[in-house]
Amino acid sequence: TLFGRLNTLIIGKFYSAKDLGYYSRADSARGLPASLISTIISRVAFPLFSAAKENVVLLRAGLRKAITLAMMINIPLSIGITVTARPLVLVLFGEPWLPCVPYLQVLSMAVVLWPLQVLNLNILSAQGHSNLFFRLELIKKAIGILVISISAPFGILAMAWGSVFFGIFSFGINAYYSGRFVGYGAVRQIIDLLPYIGATLVMVLAVMAANQLPLTSPFFQLLTQVFVGVVAYVSICAGFRLAGFFEAWNLILSFFAKRHSPVTGE
């Protein structure tokens, strides 16, 4: 908890209260989607990982599916916040908060890999490697403190970019042990996510094109960008028949089918 608040403590100490307010607002806005996705996926994945801890093949397949489902949503969502940050801030917080836009754009990129970090750590926990889990957390926090110490003198935006670097580093070290224990490391994980990264890049181009429309209302700008982005991303995923997209779609249909089916019993 202390480490998680270290950035704001340093900003509050060495920068103005206004700067701290802008950073805190951006930090709170960027973290909610990734945290929500990670929490949901972890609650489902961890019991399954634990049940399959003796079966490496099944464990690897489960990790691969969980990563695909989580990142298929989190990649476009996090990058979407980056490209729609200005109208998003205007709609949610108002014009006085516009200075937090650059922080929100960078910090949103820092949480792109967050579900990967959580899922890879779940593998360690499920296999009973609690001592290794603890040591990794100590190493990562030490590196994180070093990154904050180096970036803090260069400004708040530099600290935000430090968070991006720390996210990449944390994913790499967590995924290394997934590769070691279940044969599904960082490189294979990224390769499986390349189609969704490509679909997200197309989405970004579509949103940037929509941003050129002569719309003066921030609300309609945001609505248009979100609509165009969703249509572009879904079209690419469906057009290229990406497996993770159809798995997620079937899960959604199954969920609503169960909620609306009549309750029967004997």
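Every value quoted in this text rests on a predicted model; they were computed, and no experiment measured them.
- For Phe181 and His129, the gap between ring centers is short of 6.0 Å.
- Around the CZ atom of Arg64, the shell of radius 6.0 Å holds no more than 12 heavy atoms that belong to other residues, nucleotides or ligands.
- Without hydrogens or angle criteria, Asn174 side chain to Leu124 main chain gives no donor-acceptor distance under 3.5 Å.
- The shortest heavy-atom contact between Tyr196 and Cys237 is CD2-SG, 4.4 Å.
- Nearest approach of Gln117 to Ser170, heavy atoms of both residues: OE1-CB, 3.3 Å.
- One finds the CD1 atom of Ile11 at 10.0 Å from the OG atom of Ser16 (value rounded to the nearest 0.5 Å).
- For the pair Leu113/Met71, a side-chain contact is recorded, criterion being any heavy-atom separation below 4.5 Å from C-beta on.
- No side-chain donor-acceptor contact under 3.5 Å links Arg60 to the backbone of Tyr184.
- Hydrophobic clustering places Ile10 together with Phe165 (ILVMFWY residues linked when any side-chain heavy atoms are closer than 4.5 Å, directly or through intermediates).
- With a 4.5 Å cut-off on side-chain heavy atoms, Ile148 and Phe166 do not count as touching.
- The salt bridge (charged side-chain N to carboxylate O under 4.0 Å, His left out) check on Asp27 picks up Arg30, with sequence neighbours excluded.
- To the nearest 0.5 Å, atoms CD (Gln189) and CD1 (Ile191) are separated by 10.5 Å.
- For the residue pair Ser78 and Val112, the shortest heavy atom distance occurs at CB-CG2, 3.7 Å.
- When hydrophobic clusters are built by joining Ile, Leu, Val, Met, Phe, Trp and Tyr residues whose side-chain heavy atoms come closer than 4.5 Å, directly or via intermediates, Leu215 is not grouped with Val226.
- Rounding to the nearest 0.5 Å places CG of Leu119 at 6.5 Å from CG of Leu63.
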request  = Apply side chain to side chain donor-acceptor pair (under 3.5 Å) to the pair Asn211 and Gln225, showing each step before the final yes or no.
outcome  = CA-CA 7 Å; Asn211 194 37; Gln225 289 176 4; 2.8 Å; yes
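- Smallest separation of non-hydrogen atoms from Met159 and Ser151: CA-OG, 3.5 Å.
- Closest of all the heavy-atom pairs between Phe3 and Lys141 is CD2-CD, 3.3 Å.
- No donor-acceptor distance shorter than 3.5 angstrom exists from the side chain of Gln221 to the backbone of Pro87, with no hydrogens or angles considered.
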request  = Under the side-chain contact (heavy atoms from CB on, under 4.5 Å) rule, what do Val91 and Leu223 come out as? Steps first, then yes or no, please.
outcome  = CA-CA 10 Å; Val91 170; Leu223 189 65; over 6 Å; no
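- Note: Leu88 CG to Leu104 CG = 6.5 Å, rounded to the nearest 0.5 Å.
- The neighbour count for Phe240 CZ, taken as heavy atoms of other residues, nucleotides or ligands under 6.0 Å away, does not exceed 12.
- Side chain of Arg180 to main chain of Gly185: no donor-acceptor pair is present (N/O by atom type, distance under 3.5 Å, no hydrogens or angles).
- Taking the side chain as every heavy atom from C-beta outward, Leu157 and Tyr103 approach each other to under 4.5 Å.
- Side-chain contact between Phe171 and Trp114 is absent, with no heavy atoms from C-beta onward closer than 4.5 Å.
- Ring planes of Trp97 and Tyr22: perpendicular class, angle over 60° (limits at 30 and 60°).
- Heavy-atom contacts from other residues, nucleotides or ligands closer than 6.0 Å to CZ of Arg86 number 12 or fewer.
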request  = Go through Ile79 and Ser108 one step at a time and tell me if the side-chain contact (heavy atoms from CB on, under 4.5 Å) criterion holds.
outcome  = CA-CA 7 Å; Ile79 300 302; Ser108 295; over 6 Å; no
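- At a threshold of 4.5 Å between non-hydrogen side-chain atoms, the residues Thr68 and Glu247 do not count as touching.
- Grouping the Ile, Leu, Val, Met, Phe, Trp and Tyr side chains by contacts below 4.5 angstrom, directly or via other members, places Ile73 apart from Val231.
- Rounding to the nearest 0.5 angstrom, the gap separating the CG atom in Leu2 from the CD1 atom in Ile145 is 7.5 Å.
- Phe133 and Val118 end up in different hydrophobic clusters when Ile, Leu, Val, Met, Phe, Trp and Tyr side chains are linked at under 4.5 Å.
- The side-chain heavy atoms of Lys140 and Arg135, taken from C-beta on, include no pair separated by under 4.5 Å.
- Connection of Met208 to Tyr233 is established within a shared hydrophobic cluster, with ILVMFWY side chains joined at heavy-atom distances below 4.5 Å, either directly or through further cluster members.
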request  = List the steps and the verdict of side chain to side chain donor-acceptor pair (under 3.5 Å) for Asn120 and Tyr176.
outcome  = CA-CA 9 Å; Asn120 281 292; Tyr176 168 79; over 6 Å; no
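- Side-chain atoms of Ser28 come within 3.5 Å of backbone N or O of Arg25 as a donor-acceptor pair.
- Taking each heavy atom of Arg241 and Phe246 in turn, the nearest pair found is CA-CE1, 3.4 Å.
- With a 4.5 Å cut-off on side-chain heavy atoms, Thr8 and Tyr23 count as touching.
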query = Going through the distances and angles, do Ile143 and Phe169 end up as a side-chain contact (heavy atoms from CB on, under 4.5 Å)?
reply = CA-CA 9 Å; Ile143 297 297; Phe169 169 79; 3.8 Å; yes
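- Interatomic distance, Leu59 CG to Gln127 CD, rounded to the nearest 0.5 Å: 5.0 Å.
- Taking 4.5 Å as the limit, some side-chain heavy atom of Cys100 sits within range of a side-chain heavy atom of Val89.
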